[in-house]
Each structure stands twice: as C-alpha cells, then as structure tokens.
Amino acid sequence: MGTKNHLYINGKWTSAFDGGEMPVHNPSTGEEIEVVSAGNHKDAEASITAARMAFDQGKWKEFSANRRAGLLLKLADQIEGHTDEFASIETQNNGKTLRESKFDVAEAVKTFRYYAGLATKPLGETFELDSPMTGKVVREPVGVCAQIIPWNYPLLMASWKLAPALAAGNTCILKPSEMTPLSAIRLFELIDGLDFPPGVVNLLLGFGEAVGQPLAKSPLVDKVAFTGGTVTGKKIMQYAADNLKKVSLELGGKSPNIVFADADFETAVDYAMFAIFNNSGQVCSAGSRLLVEESIYDQFQEAIIERTQRIRVGSGFDASSQMGPLISPQHLSKVQGYITLGEEEGGKVCCGGKRLVENDLKKGNFIEPTIFINVKPEMRIAQEEIFGPVLCLIPFNTEAEAIEIANGTPYGLAAGIFTTDGAKAERVARSIRAGITWINTYEQNFVEAPWGGYKQSGLGRELGTYGLEEYMEVKQIINNLEVEPTGWFD
Ligand code: TXE
C-alpha cells in the first residue's frame, strides 16, 4: 500500500490518533493481508473539521463545475489505467472473482465519468410570476457529506458516493467497511496525486461504532449517505436526527424474481442463477425469492438444480472459479444459521447447503450455492435477508398471487419479471412496490438509472440525475423588478 498511514485527512496521510490498527483478511484463504490504521472519534472529528473548513472557507467553492468535472475525469482515467491492480486488490480483499472485480472497476470508471459530465449540465429553472418579479431556482451543494459504505462492492460503492457528491461541489468523508478498506486506500493514493484542495476528500478508516457513529451524529455534518444493513441504517437515521441532517440510505432486500409459464425458459433459468449466485449472493438486490408459475415449476426446479450443481466455487484468482467465498467467518456462520433455520421451518435443501472444506477451501469462507424448496412465503428464510447464495423457490398460480407474494415482505428494493407477454410484464412491474424492476433480465444496473428502494429498503436514490439531486440543496431566488414600498401598513 506504500504507506503505513492509512487515513487521509486534510490532504495528508496520517495514522490514527491513538495508534489504533485493524487487520484485513483474505476471505479465500483466511490470511491476514495487511494491518491498517483504525480511527476513533478523535479521527472522525479531525476529518469533520477538515471537510467543514474546506467547504466553508477553502478554495473548493471557487472551483467551477467545469474544473470539478476535470478532476473527476482525471480520476476516472487514473482508475482505468490501474484496472488490473484494482481488480486484484478487490479479489484479494473481498474474494469475488477477478471477472467480477474487473466489471466493478469498469463501472466505477463509468460512474466518475458520468458525474463529471453531469456536473456541467444546467440544472436550474426560471419561472414567471404574476407580480413584477422574476423567479429562479438554483442548486447548491449540501455541504459536508459523510459517506459510509459496505464490503460487498468496496470500490464501486466508493465511486457511487464520491462521484455525485464531488460533482455537486460538496466535501466528503468516506468511511469504508472495516473488512474491505484496501481499494479505498489505493483510490485515495490516486486522489492525492490530483489537485483537490486539502479537506475536500477525506478517508476515515475504522469500525462502525468508533468512527461511523460520530460522523452520523455530528452537527457539523450536513448529510450522511449510507449503504449497508437495515439494522445499521435505522441507527444512522436515529443518530442523524440530532441535527436533522439529510439522510440517504441504501439498505437490504428480499427481492422477488417472478417467472411466468410463457417466459423464455433458458433465459429465465440463466438469469435466476445470476440473480442469486452473482457475488456469492452478497448483493442488496439479489433475486433471493424465485417465484415460478406452477405449470412449469417442476421443470424449472429440475433445470436450475442441474445447472447450479455445476457452479465452480473457489478462489477468485482461479480462472475456473465462478463463485468466490463469503466475506468473513462470521458472515459464513450467519448464512449457515439461515440454512439450518430453513430446514427447521420445514424447507428442504434440494441443492448445496454445505460449507466447502476440501483441500484449501477449508481455509476460506466457501459455501455451496444452495436452493430451498417447500418454502412458504411467510417463513423467515423467505422474509429475511440472508445475503448469501441461498435461493428460495416458491410456486404461484395466478398473476395476482405472484404480486401478493412479491410484495409480502418489509423490503422493496428490486424485482425481476420473466414473461413474453409485454402487457403483463408492465402490469406486474407497476404493481410491485420496489424501486428497481427488471423485465426479462436481472441485476443490470446503469449509472443513468435511479437506484434505491421502497419500504425498508431505503431512502432516496443513487445514480442518474436523481443521485446528483441527493447531494444538492434547492434554493429559490425571487427578484423584485419594481423596487418600491408595498404600502401594506400605511
Ligand atoms: O453491515 P453494516 P454488516 C446487510 C446484509 C448483512 C447485514 C449486516 O444482510 O448480512 O447487512 O452486514 C458501518 N454507525 N448488508 O454488519 O453494519 C460499517 O463499519 C455507523 C446489505 O457488514 O450495515 C460499514 O462501513 N456506521 C448491504 C457499514 O456500516 C456503522 C451491504 C456497513 O455495515 C455502524 C452490506 C454504526 N453503528 C450488508 N455499524 C447492501 N445494502 O448492499 C456499522 N457501521
């Protein structure tokens, strides 16, 4: 990593105030890759002060949109130029396959470029008024933004947070997951080589309670943006209530993927697997409930089991691996706990279900891709986010029943609909209470399209123009063209 000081505050690399450190592990081998700085509330305060000063007094506010865009474009080029290095860091630290890591790097590059472009596009409005006054609406940055991100897409989540916030002219404090800080450290080494004024972009490492909580509570922070679990998301909202800072939350899901009998069978099987086994199921929008129309249920079940049994699980660096490990031993236990629970609830594992322990796999957090049948929609395995490669198969008979099951959880992030009937596809998409719906595809995300959930899947939207708006305040300016007294109290 080139330096022992892993916090980047006010334009300088530094260690944690109290000398705190934390180990970072490779989930495929269990090995310690590195020991990095781990801050506490004092480091959080230092980063907040730096970001506050940079926003209120620094040169950053004099940077035109064009200049901010220029910095983001340079950063995008730099990341792209280091694609192989970033992919390797991500695979080592998160475990995902190199193919997945390279995809993430390319998406991160796209995100910085997209928001560089958007930074310079007009967002204002003018309006006509009855009185001799003119009105206009201008957008301004929100201020100091704390951005707390998870471990499943470390570099990509950093880009989803930093790119729109910087494009809009905010100052940022990025807090990566304690489990996956390495790609963020490398990203900040690149940021350090660009001309961001000190304090504009800060990197704060440490555990959630130690540094995330003070960020979310601080009255000097104007906005907290969080991606992670719903339980932590609720805490963030409570912390933020202290000064009513703006909050955006991208939380968990239990997304339904609905396959009608008239779907293109092969396409539906293929995407049903991608929806749940991609990134080892550690995806907020994973299609973890597969709703299949009764008339094709048996045939579908047979096809998906047969293909799932052929998935090759192993180290992300092994070119033949199709699925990597889970992030940590603790997370592996959680997923195994859900598999046991599912069986106790009356579900039946018809594929997978076990930890993989042959040869070197036992050193890592590997688990078989798993499919449950005999699942009732109200069971906990069909209601709660497992966040692993565990699929629940649920039959349905009618369109109305499919919609009812699909909407029957506290979540509302995503949904998939497979059918060749265009009208039915749209009817169902509109009936589902979720922020992201896919027709005849799954897990395709585009930087142009808003990303976020209904119900307990979150608050606000990332990506697209919506993602930029989340980092902007809206101000009206009314200008009186006839400057004379009103006479109201005469
Ligand atoms: O996430 P946390 P965890 C879901 C998934 C998973 C569960 C728990 O179901 O099993 O969440 O995972 C920081 N104040 N998702 O525990 O706690 C933490 O340091 C401030 C869904 O790993 O949400 C990290 O940077 N910050 C998900 C970030 O929050 C706190 C992605 C996320 O960690 C904090 C990951 C606190 N009190 C898990 N506690 C998605 N939506 O994609 C923790 N953090």
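All residue numbers in this chain count up from 1 along the given sequence. All ligand and atom numbering here is 1-based and tracks the order in the structure.
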**Protein contact for atom 33 (O) of ligand 1 (heavy atom, distance under 4.0 Å)** = no
**Item:** Proximity to ligand 1 by part of Ile149, non-hydrogen separation under 4.0 Å
**Value:** backbone
**Asked** How would you list, by chain and number, every residue that makes a salt bridge (Lys or Arg N to Asp or Glu O under 4.0 Å) with Lys42, sequence neighbours excluded?
**Response** Asp18
**Request:** Using a strict cut-off of 4.0 Å, indicate which atoms of ligand 1 neighbour a heavy atom of Trp151.
**Result:** 3 (P), 22 (O)
**Request:** State whether Arg461 and Glu469 are salt-bridged, where the test is any N-O pair (Lys NZ or Arg NE/NH1/NH2 against Asp/Glu carboxylate O) under 4.0 Å.
**Result:** no
**Fill in**
Closest heavy-atom approach to atom 2 (P) of ligand 1 among Thr232, Val283, Val224 is made by Thr232
**Message:** Using heavy atoms and a 4.0 Å limit, tell me yes or no: is Lys334 in contact with ligand 1?
**Reply:** yes
**Request:** Classify the ring geometry between Tyr271 and Phe418 as parallel (under 30°), tilted (30 to 60°) or perpendicular (over 60°).
**Result:** tilted
**Heavy atom of protein inside 4.0 Å of atom 42 (O) of ligand 1, strictly below** = yes
**Message:** If we set the cut-off at 4.0 Å for heavy atoms, which region of Pro176 has an atom near ligand 1: side chain, backbone, both, or neither?
**Reply:** backbone
**Request:** Closest by any non-hydrogen atom to atom 30 (C) of ligand 1: pick that one out of Gly208, Gly252, Ser457.
**Result:** Gly208
**Asked** Quick one: ring pair (Phe, Tyr, Trp, His ring centres under 6.0 Å) pairs with a partner in residues 220-259, sequence neighbours left out?
**Response** none
**Message:** Looking at Glu85 and Arg186, is there a salt bridge between them, counting it only when a charged N and a carboxylate O are closer than 4.0 Å?
**Reply:** yes
